[in-house]
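Fair warning: this is a prediction, and the values are worked out from it, not measured in the lab. By convention in this document, chain letters (A, B, ...) are assigned in the order of the sequence lines, proteins followed by strands, and residues within each chain are numbered from 1.
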Amino acid sequence: MNPFFMGPERKRLYGLYHPPVLRGPGGKGVVLCNPLGSESSRAHRSFRILSDSLARSGWHVLRFDYRGTGDSAGDVDSVTLNDWVEDIGVAINELRAIAELKGVHLLGLRLGALLATAAGLRHADTQGLILWDPVDLRSQSVLGAQWTGQLDQPVPMDSGGAANVRDFEQMLLEIKKEPRESHSSWPHQALVLGSKLIPDRFRELIGQNLRRMAFEETDAPPPWLEESNFGAGPVSARAIQTISTWTGLAP
Amino acid sequence: MTPETQTAECSTSPDERAIQYGFSSDLNGILTLPSVKVDTDRPCLVILNAGILHKAGPSRLHVRLARAAAMRGLPAFRFDFAGVGDSPPRKDGRTLSDGVLVDIAETFDFLESKIGVSRFILAGLCSGADNSLRAARGDSRVVGAALLDPTVHRTPKWYLNHYLPRLRSRERMNHLLSLENVNPKQIQDLLRRSFKRSSEKERPELFRTGLSDKYDIARHIEETIQRGCHLFYGFTGGWSNYYNYPGQLRDLYPNLSRPALIHLTHYPETGHTFQTTEDRNRLIQDLTDWFELVALAPKARQS
C-alpha cells in the first residue's frame with residue numbers, strides 16, 4: 001500500500017495505491033470512489049479490506065479522497081459535485097499511468113456509485129462499473145432530505161455535500177450528450193450490488209449501452225451504516241466476495 | 001507516478017506530505033508543515049487516532065487541527081496506528097496496548113530524524129486521549145498532551161448534578177410514587193433499554209487502552225506533570241454520562257503536585273465528536289492558543 005498525493009497544485013488528492021500481489025501481463029485496475037461524510041468514515045475499513053482482496057486477485061487498486069474530504073487538500077464548502085467527478089478522472093489517469101493500463105473499472109459506494117457513473121460516462125477509458133448500494137434515485141435527495149444545493153454551487157458545509165437528485169439526473173443526461181468518439185467507449189459492463197431493488201430510472205440512465213450487467217441483491221449489513229457507537233460500519237465478507245467473484249470474471 | 005518511481009513521500013500544496021515509515025510496522029501519516037522553516041526549538045504536534053476512526057478524525061477534526069497548528073508555526077503530524085485506517089496490521093506479535101506506545105515512540109523517532117524536532121505535543125479524542133496520557137507519562141519527549149473526553153470517573157457532585165434535577169421535578173416524583181401510574185409496558189421498555197445499555201458497554205479492543213482504574217489514571221497524571229509536562233483537558237457535553245461540571249477533574253484529583261500545569265475546559269453544549277463547524281472552530285482556537293503556551297514554556301525535559 002503506497003500513499004501519495006496526486007493532481008494539480010491546490011487540488012491535491014490523497015491516494016493509496018495497492019499493487020497487485022501477483023503481477024501478470026496486461027493487468028486490470030480499479031479506482032474506488034468513496035461515499036461522503038460519515039458514510040465514508042464508516043466504510044473506510046471495508047474499502048481497505050476490499051482493496052487488499054482485489055490486489056490479492058491481481059488487480060491494481062487505487063483508493064483516494066475527493067478534494068475537501070478525508071486527507072485531500074481543500075475544504076468541502078468550496079467544492080461541487082462536478083469537482084468530485086473531475087477528481088475521479090484524475091484518479092483514473094493516475095492509475096492508468098502507474099499500472100500502464102488501457103482502461104480501468106470504477107467501484108463506487110453510495111453517492112460514490114453515482115459519481116462513478118457520471119465519471120464512467122465521461123471517461124472513455126472506463127471499462128466497467130461496480131456500483132455498491134447506490135443512493136436511491138427515487139428519494140427526494142441524494143443523501144436524505146437535509147442534503148440540498150445546486151450542482152455547480154459550493155456544497156453547503158453542514159450538509160456533508162451533495163446536490164438534489166434532479167441535479168444529479170440532469171448531470172448524467174448532460175454528460176451523455178457530450179460529444180464522444182462512439183458509444184463503444186462507454187462502460188460496457190456493470191455490477192450493481194445493493195440491499196434494495198435498483199430503480200428503473202437508474203437502470204435506464206446507465207444500462208442501455210451495457211453489454212454485461214448484473215444486479216445482485218444482498219441483505220449483507222451495509223458498510224456505510226454504523227455497526228454500533230464506534231464510528232465504523234461492518235465489513236461485509238459476502239459483499240466483498242460477490243465483488244471479487246464478479247471482477248474475477250471481468251475481461 | 002509509476003510504482004518504480006513511487007517514493008515514501010510526496011509533497012502537496014501547500015504543505016502536506018504523505019509519509020510511510022515505521023520500524024516494527026508500516027505506518028502511514030500526513031505531515032503538515034508551516035509555511036516558514038521549521039523552528040526545531042518548537043514542539044511538533046502529533047495527533048492520535050480516536051478509536052477506529054482513521055487519521056482524518058471525526059468530521060476531519062484532525063485535518064483542520066493540523067492545518068491550524070501549522071498556521072501558528074508548529075509542524076503537525078497525524079498518523080494511523082498499525083491496524084487502523086491506512087496502516088496495515090502489525091506483525092510483531094505485540095499486544096495492541098503495547099503496540100500503540102511503540103507506534104508513538106517510532107513516530108517521534110522518525111520526526112526527530114526527518115525535521116529535527118525533539119519535543120512533542122500529543123492530542124487525542126476518547127481512546128486517543130487515554131493513549132496520549134499513557135505516552136506522555138513514559139516518554140520525556142512529550143511536553144504537552146491535549147486530552148479530549150478521556151476516561152474519567154464520577155464524583156459525588158456528578159451524581160447530585162445528574163439526579164437532583166430529576167428529584168426536584170414534582171411531576172416526575174408523583175409519577176414514580178404513584179402505583180396507579182405503573183405501566184408494565186414502560187417497565188418492560190426500561191428493562192430492555194437498561195439491558196441494551198449494559199451490552200453496549202462492551203468495547204472493541206481498540207477502545208481498551210489499559211487505562212481505566214481511577215488510581216492508575218491519577219498516577220499517570222501525577223508522574224506526567226511532575227516532570228513539567230502540560231496537560232489540556234477538554235470535556236464535552238457528549239461525555240456528560242461521565243463528566244457533568246467544569247471542576248469535576250479537580251474534585252476527582254485534589255492532591256496533584258502541580259495543578260497549574262493542567263488546563264481544564266468544559267464544552268457542555270458540544271457533542272463528543274465536535275460535529276458542528278462552530279464546535280470545531282472553538283476547540284481549535286482553544287487548542288492552538290494552548291499550543292503557543294506550551295511552546296513558549298521553558299524546556300522541562302527529564303530523563
Side-chain angles (χ1 to χ4, degrees), chain A residues 1-20 23 37-38 40-45 47-49 51-52 60 62-65 67-77 93-100 156-158 160 226-233, chain B residues 1-20 26-30 32 49-60 62-64 66-67 78-80 83-89 125-127 199-204 206-207 272-273 275-278:
Chain A
M1 176 174 9
N2 304 319
F4 62 99
F5 281 96
M6 59 186 169
E9 289 295 317
R10 302 206 169 275
K11 296 178 186 174
R12 302 289 262 173
L13 307 176
Y14 176 74
L16 278 149
Y17 169 59
H18 296 247
R23 287 170 187 267
S38 53
S40 180
S41 298
R42 293 173 194 146
H44 188 275
R45 195 167 46 140
F47 262 28
R48 193 186 85 196
I49 290 169
S51 300
D52 288 339
H60 301 263
L62 179 60
R63 291 190 278 137
F64 79 103
D65 293 326
R67 73 187 82 167
T69 73
D71 290 316
S72 287
D75 275 314
V76 77
D77 56 354
N93 292 337
E94 193 70 31
L95 183 59
R96 285 186 60 198
I98 290 173
E100 298 177 348
M157 187 74 168
D158 290 329
E226 204 158 11
E227 191 169 30
S228 51
N229 196 24
F230 304 128
Chain B
M1 183 183 304
T2 65
E4 289 72 24
T5 60
Q6 171 82 45
T7 60
E9 173 191 320
C10 305
S11 70
T12 181
S13 176
D15 50 11
E16 288 175 324
R17 298 173 179 206
I19 306 274
Q20 195 164 53
D26 283 342
L27 300 173
N28 284 306
I30 305 284
T32 307
N49 291 119
I52 50 180
L53 290 176
H54 71 98
K55 61 187 177 298
S59 306
R60 298 184 93 207
H62 299 178
V63 177
R64 295 166 209 269
R67 290 175 183 172
R78 49 195 177 82
F79 73 102
D80 287 321
V84 180
D86 292 329
S87 295
L125 169 69
C126 201
S127 68
S199 68
E200 281 175 358
K201 284 175 187 166
E202 292 298 320
R203 307 173 103 192
L206 274 164
F207 283 85
H272 178 53
T273 55
Q275 278 173 308
T276 72
T277 305
E278 292 73 23

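Looking at A/Thr69, only its backbone comes within 4.5 Å of chain B, counting heavy atoms on both sides. Neither the backbone nor the side chain of B/Ser59 comes within less than 4.5 Å of any heavy atom of chain A. With a 4.5 angstrom heavy-atom cutoff, B/Pro88 touches chain A via backbone and side-chain atoms both.
A distance of 6.0 Å separates OG of A/Ser40 from NE2 of B/His54, quoted to the nearest 0.5 Å. In this structure, A/Tyr14 OH and B/Lys55 NZ are separated by 3.0 Å, a value rounded to the nearest 0.5 Å. With values rounded to the nearest 0.5 angstrom, B/Asn28 atom CG is found 10.0 Å from A/Asp71 atom CG. Considering CG of A/Asp75 and CZ of B/Arg64, their distance stands at 5.5 Å, rounded to 0.5 Å.
Scanning all heavy atoms of the two residues, the minimum distance from A/Ala73 to B/Arg67 falls at CA-NH2, 3.6 Å. Looking at every heavy atom in both residues, B/Arg60 comes nearest to A/Gly74 through NH1-O, 3.0 Å. When all heavy atoms are compared, the tightest approach of B/Arg17 to A/Phe5 is C-CE1, 3.8 Å.
By number of non-hydrogen pairs under 4.5 angstrom with chain B, the leading residue of A/Met6, A/Arg48, A/Arg63 is A/Arg48. Contact tally against chain A (heavy-atom pairs below 4.5 Å) for B/Asp86, B/Val63, B/Thr273: the top residue is B/Asp86. With chain A as the partner, the residue from B/Ser87, B/Ala56, B/Gly85 showing the most heavy-atom pairs under 4.5 Å is B/Gly85.
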